[in-house]
Asker: 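Please read through the structure below; I'll follow up with questions.
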Amino acid sequence: MTDKSPAGAAHARRDEDILVITLDHPPVNALSADVRRDLAAGIQAAQSDAQVRAILLVGAGKNFIAGADIREFGKPPKPPALPDVCNQIEASAKPVVAVLHGAALGGGLEVALAAHYRLALSTAKLGLPEVNLGLLPGAGGTQRTPRLIGARAALDLMLSGKHLSAEAALKAGLVDAIGEGDDALAAGLAYTRRLLAEGAGPRRSRDAAAALADKAAALAEASAAGEQVAKTLRGLYSPAKIVEAVRAAIEQPFDEGLRTERTLFLQCLESPQRAGLVHAFFAERETTKIPELKEARARRLDKIGVVGGGTMGAGIAVSVLDAGLPVVMVEQDEAALERGRARVAQVYDLLVKKGRITTDERDGRMARFTGATTYDALNDADLIIEAVFEDMDVKLAVFAQLDRVAKPGAVLATNTSYLDVNRIACATRVPGNVLGLHFFSPANIMKLLEIVVGEHTAADTVATGFDLARRLRKTPVRAGVCDGFIGNRILAVHRQAADMMMEDGASPYDIDAAVREFGYPMGPYQMADLAGGDIGWATRKRRAATRDPALRYVQIPDRLCERGWFGQKTGRGFYLYPDGARVGTPDPEVLAIIDEERRRAGVTPRPFTHEDIQRRYLAAMINEAANVLHQGIALRPSDVDVVFLSGYGFPRYRGGPMHYADSVGLDQVLADIRGYAGEDPAFWKPSPLLVQLAESGRNFASLNQAD
Ligand code: 3HC
Ligand code: NAI
C-alpha cells in the first residue's frame, strides 16, 4: 500500500488489516479536488487489497473535515465530484469507519454519513451549515441524514446550520459511539478492531429505513418546516430548497433522491445569495490581515478598566466579564457607579431568568467586577476603555487623568462614536498607547468592533486591540480616524439621502418598508426610534457650526426632537409606541409635520417607488464607502462589507454594500449618482474611486485581491 499519494492531501497507510486514510490538508482538511482524488484512490485501492479488512477515515490536525472547499465554489468543477466520492465510500465492500474530532461539518459530515460506522470524540462538532452559505448539503446529506435521524431532526440540523456536540449527535442517532481521549487515530483503530472482532460488515445509510418508515408523518414534518421557512426565513433562497430535497428523500428511491438533491444544489450554487454569503464568510476572516499584526505582538491583558458605567460602559463591562477577564469600572460618583453596577447585574439577572446562565455563573462573573470613584483604581489595568459622555472636553479631561494613573504600557482606548482620536491621544504623554475601540450597542451582544488607529498609535497597541476583540469574540475591523470612522460616517450620508427623499415626497414608512424589502430587519426611521433621536440631534447640533452651507439640510428630524419625540423611549418618534409597545405604528401627526416642512422648504412632493428609494439609499451608501476607501479609512472593500453586515443589519445574503455594488455593476451605480447629481450636485458628488473603477471596467473586488 502507498504511504503517501502523489498529491499528499490524503494519505493511506496500513495498520495490520486496517487501511487508515488520513485527510491531511491544512488548515481544516477542506475537501479540495486533491483531497477528493486521494480519498477516492485510497478507497479504491483498499477494495482489491486482500490484506485490508476495513478502512478507517481520520483527519490530521485539529479537525476531521470542515466541509467542501468553499474556495472552489463558482469555479469550473474538478473531478471527482464529492457526491461520487461519497457514493464510492458507501459502496465499499469492506466496512468503512469514520472517526470524528473537531469540525465534521458540511461535506465533512456527508463523508462520515457515507461511511458505514461513525465514532465521535468529545471535541467533535457536527453539522450541516451549508444554509449559512446559501447552499444545501449536496453530497448526499439531504438524503442520508433523514434516513438516519428522521425528517424533523434532519431539517432542524440543515435549516439552522447549528453544530451538535458528540453527545447530542449520539442521542440523535447521527453517530454510533463516543470515543475516549483526544487521539483520533488510536480511538478509531480500537473501535474498528472491535467492529471487526464482532464481524461487522458494511452498513449503508442509504438502506436505513426505520426513521422514514412513517411516510405520512415525515411528509407532514416537511410541510411544517416549509411553512416555518416561509414565515421566518423570508427572502432566503436555499431553505425552501432544503425542504424540497428532504421531501425527495421521503418520496423518492435513494438514487433518484440524490439526483434531485444535485439539481437543487446546483440551483443554489448558481444563486447570487450563495455568492453573497460566501463573500461574507471570507470577508470576516480577512479583517485580521492588517499590517500591524505582521510587525507586532499584542501586549498582555489580565485586567481591564472601564471609565463610565452608562449604556456603553456597562455593556462593555459585561462583554469583558463574559470573556473571563476582571473589570474595574470608574464612575463620577457613588450614585453613578451604583447605577453602572446595577446595569451590569441586570444583564446577568435577565440571563439567569431566561435560563441562559446559572446563578453560579452570574455570581462568578459579578465577582470579577469591582467599582471605584477614583482614577487610581485603574493603576493596575492593562487596557482601559473610556465610555463617558460624547463631549471632547470631558474626554480630554478623562485622558489626562488616565495618563496620570495608568501603568507604563497600558493601552488607553476611547469608545467615541465620532470624535477625533488623534486629539484625544494628544491629551496624554503616550499617544502611541491610545486607540479607538468603537463598540456597538448593546455592546455585550453586537459583534462588530471598529478598531480605530490614530496617527500616533503604535503597532503593538493595535495588535492588543485585535487580541481583545478575539478574546471578546468580536469581529474586529481596522478603521482610520475621521468623523464617524467607517460605519457611522457612511450611515450619516445614506441617512441624509433618506431624509432628502422624505422631504421630497416619500413617507418615512415608505422608506422603511423599501429598506426592509431590500432585506434589512428594519428601516432607518425604525432604527432612529430604537437608538433614540436625541443622540443624532446632539451630533447635528455639534456639527451645525461647521456644516457646509451648500449642502441641503432637512429639518424634519429636528422638528420631532424639539417636541421631545425621541423614539421608543419617549413613546413616540417617527412612529407611535402606545403603552410601551416595541413595534411602532405610523403617526398622522408626523406626516403633517413633514407636509409643513415641505411647504416651508418650497418642495412639491413627488412619488417614489420602492425601487427608487432603494437605489438612492444604496447609491449614497456605496459612494461614501468609496470615499472611505479612497481616503484609506478602511483597508479594503470587504472590511466595509463586514462593518455593515455585523453592525448595521445589511442583509448578509447580499454580501455587504461593496459586494452588492459589484453585483449591480459600478457603471450602473455611477450612472445613478450622475443622474441624481442633476437635482443636487453638492450632495451627489461621485467618489473619485468609484469613477476610476467604473471607467476602467474594474470592481471593488479587484481591490480586495490587490492587497
Ligand atoms: N473551505 C475552504 N477554506 C476553509 C473552509 C472550507 N470549508 N473552512 C475554513 N476554511 C479556511 C478559512 O477561510 C481560514 O482561512 P485563512 O486562515 O486563510 O483565513 C482557515 O480555514 C481557518 O478557518 P477559521 O479562521 O474559520 O478557523 P476556526 O478554527 O475559527 O473555525 C471552522 C474552523 C469551524 C471549520 C470554520 O472555519 C467553519 O465554520 N468553516 C466552514 C464550515 C462550513 O461551512 N462547511 C460547509 C461547507 S459547504 C459544503 O460542505 C457543501 C457540501 O455540502 C457539498
Ligand atoms: P451614557 O450617557 O449612557 O453614559 C456615560 C456615562 O459616563 C455616565 O454614566 C456618566 O456618569 C459617565 N461619566 C461622565 N463623565 C465621567 C467621568 N469624567 N468619569 C467617569 N465617568 C463619567 O452614554 P453612552 O451611550 O454609554 O455613551 C458613552 C460613549 O460611547 C460616548 O462617547 C458615545 O458616543 C459612545 N457610543 C455610544 C453608543 C450608543 O449607542 N449609546 C454606541 C457606540 C459608542
Side-chain angles (χ1 to χ4, degrees), residues 25-32 62-73 81-83 86 102-111 125 127-142 158 161 163 261-262 265 268-269 274 277-278 281-282 284-289 306-316 329-333 335-337 339-340 343 372-375 385-395 397-399 401-402 414-419 436-443 446 448 450 470 485 487-488 530-532 535 538-539 647:
H25 183 50
V28 291
N29 301 330
L31 291 155
S32 66
K62 286 193 191 144
N63 302 290
F64 176 61
I65 304 170
D69 187 339
I70 302 172
R71 290 185 198 277
E72 287 182 1
F73 295 151
L82 187 58
C86 288
L105 299 173
L109 182 56
E110 290 175 294
V111 164
K125 43 184 180 180
L128 294 169
E130 285 87 344
V131 68
N132 297 329
L133 300 172
L135 288 169
L136 50 81
T142 65
M158 290 187 259
H163 297 171
E261 178 192 85
R262 190 75 199 145
F265 179 80
C268 292
L269 195 65
R274 191 277 303 157
L277 289 164
V278 167
F281 177 87
F282 286 119
E284 280 168 354
R285 283 159 179 78
E286 282 299 294
T287 65
T288 52
K289 293 169 188 159
V306 175
V307 186
T311 310
M312 293 307 290
I316 293 167
M329 175 185 281
V330 168
E331 256 291 354
Q332 307 195 74
D333 52 43
L337 177 60
R339 284 196 297 276
R343 281 190 190 100
T373 52
T374 58
Y375 283 86
I385 306 167
E386 164 277 311
V388 303
F389 303 133
E390 184 77 342
D391 179 307
M392 183 53 99
D393 291 337
V394 178
K395 303 241 188 233
V398 168
F399 273 79
Q401 289 291 336
L402 296 182
T414 172
N415 183 46
T416 179
S417 308
Y418 294 96
L419 300 176
L437 289 179
H438 183 217
F439 289 79
F440 286 68
S441 182
M446 293 294 286
L448 180 61
E450 283 183 328
R470 182 186 59 78
F485 316 121
N488 283 347
L530 186 68
I535 296 184
T539 309

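All values reported here derive from a predicted model rather than from experimental measurement. Worth knowing before you read on, the calculation uses all heavy atoms, side chains too, and leaves out hydrogens, waters and symmetry mates. Numbering of ligands and ligand atoms starts at 1, following listing order.
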Asker: Can you list the ligand 1 atoms lying under 4.0 Å from a non-hydrogen atom of G106?
Answerer: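 Going through ligand 1 atom by atom, the ones under 4.0 Å from G106 are 46 (C), 50 (O).
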Asker: Say whether A30, considering both its backbone and side-chain N or O atoms, lies within less than 3.5 Å of an N or O atom on ligand 1.
Answerer: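 Between A30 and ligand 1 (N or O atoms, distance only) the closest approach is not under 3.5 Å.
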Asker: Counting only non-hydrogen atoms of the protein, does one fall under 4.0 Å from atom 29 (O) of ligand 1?
Answerer: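 Under 4.0 Å from atom 29 (O) of ligand 1, zero protein heavy atoms found.
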Asker: May I ask you to identify, for V307, whether its side chain, its backbone, both or neither come under 4.0 Å of ligand 2 on a heavy-atom basis?
Answerer: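 The side chain, only.
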Asker: Nearest to atom 18 (N) of ligand 2 by heavy atom, Y375, Y418, F439, F440: which?
Answerer: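 Closest candidate by heavy-atom distance is Y375.
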Asker: Short question: side chain of N63, backbone of A103 - any donor-acceptor pair under 3.5 Å?
Answerer: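 Between the backbone of A103 and the side chain of N63 there is a qualifying donor-acceptor contact (under 3.5 Å).
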Asker: Does F265, backbone or side chain, put an N or O under 3.5 Å from an N or O of ligand 1?
Answerer: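 N/O-N/O distance under 3.5 Å: no.
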Asker: Give me the nearest non-hydrogen protein atom to atom 34 (C) of ligand 1 as residue plus atom name, then the distance to 0.1 Å.
Answerer: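 Nearest neighbour among protein heavy atoms for atom 34 (C) of ligand 1, to 0.1 Å: K125 NZ, 3.8 Å.
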Asker: Look up atom 10 (N) of ligand 1 and tell me if a protein heavy atom lies less than 4.0 Å from it?
Answerer: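 Under 4.0 Å from atom 10 (N) of ligand 1, at least one protein heavy atom found.
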Asker: Would atom 21 (N) of ligand 2 count as contacted, meaning some protein heavy atom under 4.0 Å?
Answerer: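 Protein heavy atoms within 4.0 Å of atom 21 (N) of ligand 2 - there is at least one.
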Asker: Backbone, side chain, both or neither: what part of P129 comes under 4.0 angstrom of ligand 1, heavy atoms only?
Answerer: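 Side chain only.
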Asker: For a quick test of reading the model, state the closest non-hydrogen atom pair linking L136 to F265 and the distance between them.
Answerer: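 So the minimum-distance heavy-atom pair works out to O-CD1, 3.1 Å.
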Asker: List the closest protein heavy-atom neighbour of atom 15 (N) of ligand 2: residue, atom name, distance to the nearest 0.1 Å.
Answerer: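 Nearest neighbour among protein heavy atoms for atom 15 (N) of ligand 2, to 0.1 Å: Q332 CD, 3.5 Å.
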Asker: What is the nearest protein non-hydrogen atom to atom 40 (N) of ligand 1, stated with its residue, atom name and distance?
Answerer: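 Of every protein heavy atom, F281 CZ, 3.6 Å lies nearest to atom 40 (N) of ligand 1.
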Asker: To check your reading of the model: name the closest protein heavy atom to atom 24 (P) of ligand 1, its residue, and the distance in Å.
Answerer: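 Its nearest protein heavy-atom neighbour is R285 NE, 3.6 Å.
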Asker: Looking only at N/O atoms, are L135 and ligand 1 under 3.5 Å apart anywhere?
Answerer: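 Such a contact does not occur with ligand 1.
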Asker: Within the side chain of E390, is there an N or O that forms a donor-acceptor pair under 3.5 Å with the backbone of S417?
Answerer: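 Flag set: sc E390 to bb S417 pair under 3.5 Å.
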Asker: Among P27, G67, A66, which residue places a heavy atom closest to atom 42 (C) of ligand 1?
Answerer: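 Ranked by closest heavy atom to atom 42 (C) of ligand 1, first place is A66.
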Asker: Can an N or O of H163 be found at a distance shorter than 3.5 Å from an N or O of ligand 1?
Answerer: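 N/O-N/O distance under 3.5 Å: no.
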Asker: Quick check on contacts: which atoms of ligand 1 are under 4.0 angstrom from a heavy atom of R71?
Answerer: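 Taking each heavy atom of R71 in turn, ligand 1 has 13 (O), 15 (O), 18 (O) under 4.0 Å.
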Asker: Checking a contact table here: which protein heavy atom is nearest atom 7 (N) of ligand 1, and how many Å away?
Answerer: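 Checking every protein heavy atom, the shortest distance to atom 7 (N) of ligand 1 gives A68 O, 2.9 Å.
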Asker: Among protein heavy atoms, which sits nearest to atom 1 (N) of ligand 1, and what does the distance come to when rounded to 0.1 Å?
Answerer: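 For atom 1 (N) of ligand 1, the nearest protein heavy atom is I70 N, 3.0 Å.
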Asker: Give the residue and atom name of whichever protein heavy atom lies nearest to atom 4 (O) of ligand 2, and the separation in Å to one decimal.
Answerer: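 For this ligand atom, the closest protein heavy atom is G310 CA, 3.3 Å.
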Asker: Once you round to the nearest 0.5 Å, how far does CD1 of I535 lie from OG1 of T311?
Answerer: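 Here the rounded value is 7.0 Å.
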Asker: Would you say the side chain of H163 lies within less than 4.5 Å of the side chain of L105, judging by non-hydrogen atoms?
Answerer: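 Yes. Closest side-chain heavy atoms under 4.5 Å.
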Asker: Backbone N or O of F64 within a donor-acceptor pair of the N29 side chain at under 3.5 Å?
Answerer: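 Yes.
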Asker: When you measure from the heavy atoms of G141 to every atom of ligand 1, does any distance fall below 4.0 Å?
Answerer: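 It does not; every heavy atom stays at 4.0 Å or beyond.
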Asker: Consider ligand 2: state whether an atom of it lies below 4.0 angstrom from any non-hydrogen atom of K395.
Answerer: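 Under 4.0 Å: yes for K395.
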Asker: Under a 4.0 angstrom heavy-atom cut-off, which atoms of ligand 1 come close to P137?
Answerer: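 Every atom of ligand 1 under 4.0 Å from some heavy atom of P137: 53 (O).
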Asker: For ligand 1, which atoms sit closer than 4.0 Å to a heavy atom of E110?
Answerer: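 Here the atoms of ligand 1 in question are 52 (C), 53 (O), 54 (C).
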Asker: Between S441, S417, A387, G308, flag the one that comes closest to atom 36 (N) of ligand 2 by a heavy atom.
Answerer: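 The option holding the nearest heavy atom is S417.
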Asker: Going by the closest heavy atom to atom 44 (O) of ligand 1, which one wins out of L31, L105, L133?
Answerer: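 Nearest heavy atom to atom 44 (O) of ligand 1 lies in L133.
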Asker: Considering the heavy atoms of D69, write down every atom of ligand 1 situated less than 4.0 Å from one of them.
Answerer: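 Contacts of ligand 1 toward D69, numbered from 1: 1 (N), 2 (C).
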Asker: Please check whether R343 reaches ligand 2 - meaning an N/O of the residue sits under 3.5 Å from an N/O of the ligand, judged on distance alone.
Answerer: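 For ligand 2, there is no N or O atom that lies under 3.5 Å from one belonging to R343.
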Asker: Report the part of V398 (side chain from C-beta onward, or backbone N, CA, C, O) that has a heavy atom under 4.0 Å from ligand 2; answer both or neither where that applies.
Answerer: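 It is the side chain that touches ligand 2; the backbone stays farther off.
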Asker: Tell me whether ligand 1 is touched by K289 - counting only heavy atoms on the residue side and a distance under 4.0 Å.
Answerer: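 It does; at least one heavy atom falls under 4.0 Å.
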Asker: Within the structure, does E386 bring an N/O atom to less than 3.5 angstrom of an N/O atom in ligand 2?
Answerer: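 Between E386 and ligand 2 (N or O atoms, distance only) the closest approach is not under 3.5 Å.
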Asker: Given E390, M312, R339, E331, identify the one with the heavy atom nearest to atom 32 (O) of ligand 2.
Answerer: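 It is E390 whose heavy atom sits nearest to atom 32 (O) of ligand 2.
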Asker: For the residue pair Y375 and V307, establish whether any side-chain heavy-atom pair is separated by less than 4.5 Å.
Answerer: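 In short, these two side chains touch, coming nearer than 4.5 Å.
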Asker: Just by modelled atom types, is the G141 backbone N or O under 3.5 Å from a matching donor or acceptor in the E110 side chain?
Answerer: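 Pair found, side chain donor or acceptor close to backbone of G141.
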Asker: Is T374 close to V330 at the side-chain level, that is, under 4.5 Å between some pair of heavy atoms?
Answerer: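 Result no, sub-4.5 Å side-chain heavy-atom pair not found.
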Asker: So do the side chains of L133 and I70 get within less than 4.5 Å of each other, counting heavy atoms only?
Answerer: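 They are in contact (side-chain heavy atoms under 4.5 Å apart), so the answer is yes.
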Asker: Considering only the protein, which heavy-atom contact is closest to atom 30 (O) of ligand 2, and what is its distance?
Answerer: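 Ranked first by proximity to atom 30 (O) of ligand 2 is N415 ND2, 3.0 Å.
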Asker: Looking only at protein heavy atoms, which one is nearest to atom 53 (O) of ligand 1, and what is the separation?
Answerer: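 Of every protein heavy atom, E130 OE2, 2.5 Å lies nearest to atom 53 (O) of ligand 1.
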Asker: Looking at atom 28 (C) of ligand 2, what's its closest protein heavy atom, distance included?
Answerer: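 Among all protein heavy atoms, the one nearest atom 28 (C) of ligand 2 is V388 O, 3.2 Å.
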Asker: Considering non-hydrogen atoms only, spot the tightest contact between P137 and T142 and give its length.
Answerer: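 Heavy atoms of P137 and T142 come nearest at O-CG2, 3.3 Å.
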Asker: Main chain of H438, side chain of E450: is a donor-acceptor contact present, judged purely on distance under 3.5 Å?
Answerer: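 Such a contact is absent between E450 side chain and H438 backbone.
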Asker: If you count the atoms of ligand 1 from 1 in the order shown, which ones are under 4.0 Å from a heavy atom of F282?
Answerer: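 What qualifies from ligand 1 is 13 (O).
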Asker: Please state which protein non-hydrogen atom is closest to atom 33 (C) of ligand 1 and give its distance, to 0.1 Å?
Answerer: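 Answer, as residue, atom name and distance: V28 CG1, 4.4 Å.
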Asker: In the complex you have, is atom 21 (O) of ligand 1 within reach of the protein, judged by whether a heavy-atom distance drops under 4.0 Å?
Answerer: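 Looking at atom 21 (O) of ligand 1, one finds that a protein heavy atom does lie closer than 4.0 Å.
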